[in-house]
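Shown next, in structure tokens, is the structure this report addresses.
Letters go in sequence order (proteins before strands), and every chain restarts at 1.
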2 protein chains.
Amino acid sequence: MSAARHPVSSAQRAEQALRALIFDGELAPGSDHLESELAARLGLSRTPVREAVLLLEQQGLLEVRPRKGVRILQISPEDMREVYDVLTALESMAAEAAAEADHGADGLVRLHAALTQMDAAIARDDRKGWAAADDRFHGELVRLGGNRRVEEIVARMVDQVRRARMVTLYMREMPRQSNADHRAVYEAIRKADPEEAGRLHRRHRARARDELVALLKRLGLKSV
Amino acid sequence: MSAARHPVSSAQRAEQALRALIFDGELAPGSDHLESELAARLGLSRTPVREAVLLLEQQGLLEVRPRKGVRILQISPEDMREVYDVLTALESMAAEAAAEADHGADGLVRLHAALTQMDAAIARDDRKGWAAADDRFHGELVRLGGNRRVEEIVARMVDQVRRARMVTLYMREMPRQSNADHRAVYEAIRKADPEEAGRLHRRHRARARDELVALLKRLGLKSV
DNA sequence: GGCGAGATCAATGCATGCATTAATCAATTC
DNA sequence: GAATTGATTAATGCATGCATTGATCTCGCC
């Protein structure tokens with residue numbers, strides 16, 4: 001998203017590296033890891049790793065437990081409900097704002113591109129491709145909303161969703177309904193109808209939340 | 001909010017101390033401060049101060065500028081609009097959830113207490129007292145909503161509002177309208193009417209946002 | 001007199017070392 | 001045999017030191 005500002009510090013690389021390890025599942029949810037172990041793994045000293053760990057703790061990805069190492073946090077269905085409720089509230093507001101701003105079809109090219117990419121991915125039965133395009137759609141929607149703080153908060157929440165999706169992506173039907181929802185939201189924004197855009201997006205996220213929470217509960221309580 | 005867990009680390013004390021300095025205005029918005037200077041001021045070494053600074057940066061209170069020290073962030077009217085929009089979306093959702101949960105009048109004692117304290121403060125023309133009670137009302141409302149993540153995000157946003165209020169608190173009428181709003185929201189929650197509670201709260205925050213942004217613009221662009 | 005290049009300065013970012021202290025293990029006693 | 005207390009271990013939290021490198025200041029040249 002943001003270009004490399006300064007030389008790129010080791011702490012920043014540590015943060016990115018740890019995020020990657022967490023999202024790839026190499027640091028499993030619920031597992032403990034010593035700072036020194038992580039530092040050795042990344043080929044750094046403890047200091048930048050410690051800084052990265054503190055940031056990731058504040059981001060809700062892990063927890064520092066004073067003598068027991070850092071624990072990668074697990075996400076319960078209840079957590080997922082919380083995350084989705086935050087997303088519902090903020091994204092639907094963003095959708096309203098985007099519709100009010102009345103971007104022409106020009107300003108919505110990226111949003112539309114994400115739509116067609118999702119369709120294409122579904123046709124190919126490419127779940128990862130669909131997920132990536134879905135992320136782009138939601139990211140662009142929020143960007144169009146014109147509220148930086150909303151962008152940042154949503155990005156954090158999406159991190160959590162991403163982890164749950166690792167598990168669920170292959171355990172359900174291809175999300176055709178979801179795509180119809182997206183297209184309807186896009187149309188409302190293009191027609192500059194804020195009320196409709198907000199209402200449709202709210203319904204979309206509520207549906208997704210209910211599906212995901214039900215699925216998670218059907219499995220075991222604690223998952224990625 | 002949460003009790004002291006472990007012995008309380010120096011880094012945590014540094015974070016709290018820096019927050020206090022910022023909110024008291026001793027570290028002025030827009031001012032720069034070297035890490036070593038802050039460390040000396042707090043009687044600590046640079047390490048825990050640096051950790052605290054990194055956390056506060058992520059909380060949006062300051063910015064680390066590699067060779068120029070940490071800069072205490074200023075808040076523009078546009079920033080305030082963003083903050084209030086986030087608060088509007090999340091708190092009104094919390095109000096809905098609180099109404100749905102149908103807490104009896106028993107479960108709402110703290111919310112009601114905040115109300116009466118706000119009334120009393122207005123009668124005394126005690127602006128700081130009113131502000132403190134207002135914080136309690138909003139904090140309790142969000143707690144009743146039953147979403148930890150919303151609580152945390154709202155707390156961050158309230159930090160920003162607090163800084164702007166330092167400037168504006170004495171520059172406007174006593175907020176009687178605001179209190180009527182609060183009472184109406186309380187009543188809707190007590191009557192377990194989610195739609196009403198959400199609608200009323202949304203209107204309340206929108207009003208507060210418009211007043212504050214207008215006031216800030218009437219002064220100068222960048223304020224606390 | 002103004003502008004540019006080079007040297008000096010200093011703040012950060014990182015590594016390292018140490019003290020603190022929680023957790024584990026063992027030994028002794030009941 | 002179990003439990004409690006003491007000793008040992010080791011991970012964290014903090015302090016300190018150093019290298020890197022951006023910023024500033026000076027000197028020289030145009």
Can you check whether [X] has a side-chain N or O nearer than 4.0 Å to OP1 or OP2 of [N]?
X	N	result
A/Arg67	C/dT21	no
B/Ser10	D/dC14	yes
B/Arg50	C/dT12	no

Once the angle between the rings of B/His182 and B/Phe137 is folded into 0 to 90°, is it parallel (under 30°), tilted (30 to 60°) or perpendicular (over 60°)?
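Because their plane-to-plane angle lies in the 30° to 60° range, the rings of B/His182 and B/Phe137 count as tilted.
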Could you check how far [atom1] of [X] sits from [atom2] of [N], rounded to whole Å?
X	N	atom1	atom2	value
A/His33	D/dA10	NE2	P	20 Å
A/Glu51	D/dC14	CD	P	13 Å
B/Gln12	D/dC14	CD	C1'	14 Å
B/Lys68	C/dC9	NZ	C1'	16 Å
A/Asp32	C/dA22	CG	P	18 Å
A/Arg71	D/dA11	CZ	C1'	16 Å

Could you tell me whether B/Arg172 atom CZ has more than 12 heavy atoms of other residues or ligands within 6.0 Å of it?
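Correct, the count exceeds 12.
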Who are the salt bridge (charged side-chain N to carboxylate O under 4.0 Å, His left out) partners of B/Arg202, not counting sequence neighbours?
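Listed in chain order: B/Glu96.
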Is any NZ, NE, NH1 or NH2 atom of the basic residue among A/Arg149 and B/Asp79 found under 4.0 Å from an Asp or Glu carboxylate oxygen of the other?
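Yes, A/Arg149 and B/Asp79 are salt-bridged.
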Electrostatic pair B/Asp134-B/Arg165, nearest N-O below 4.0 angstrom:
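So B/Asp134 pairs with B/Arg165 through a salt bridge.
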A/Leu62 to A/Val53 - nearest heavy-atom pair and separation
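A/Leu62 and A/Val53 have their closest heavy atoms at CD1-O, 3.5 Å.
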Both B/Leu34 and A/Arg13 contact DNA chain C. Taking the nearest nucleotide for each, which residue is further toward the 5' end?
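That would be B/Leu34.
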In residues 35-47 of chain A, what residues come within less than 4.0 Å of DNA chain D, judged by heavy atoms?
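A/Glu35, A/Arg46, in order of number.
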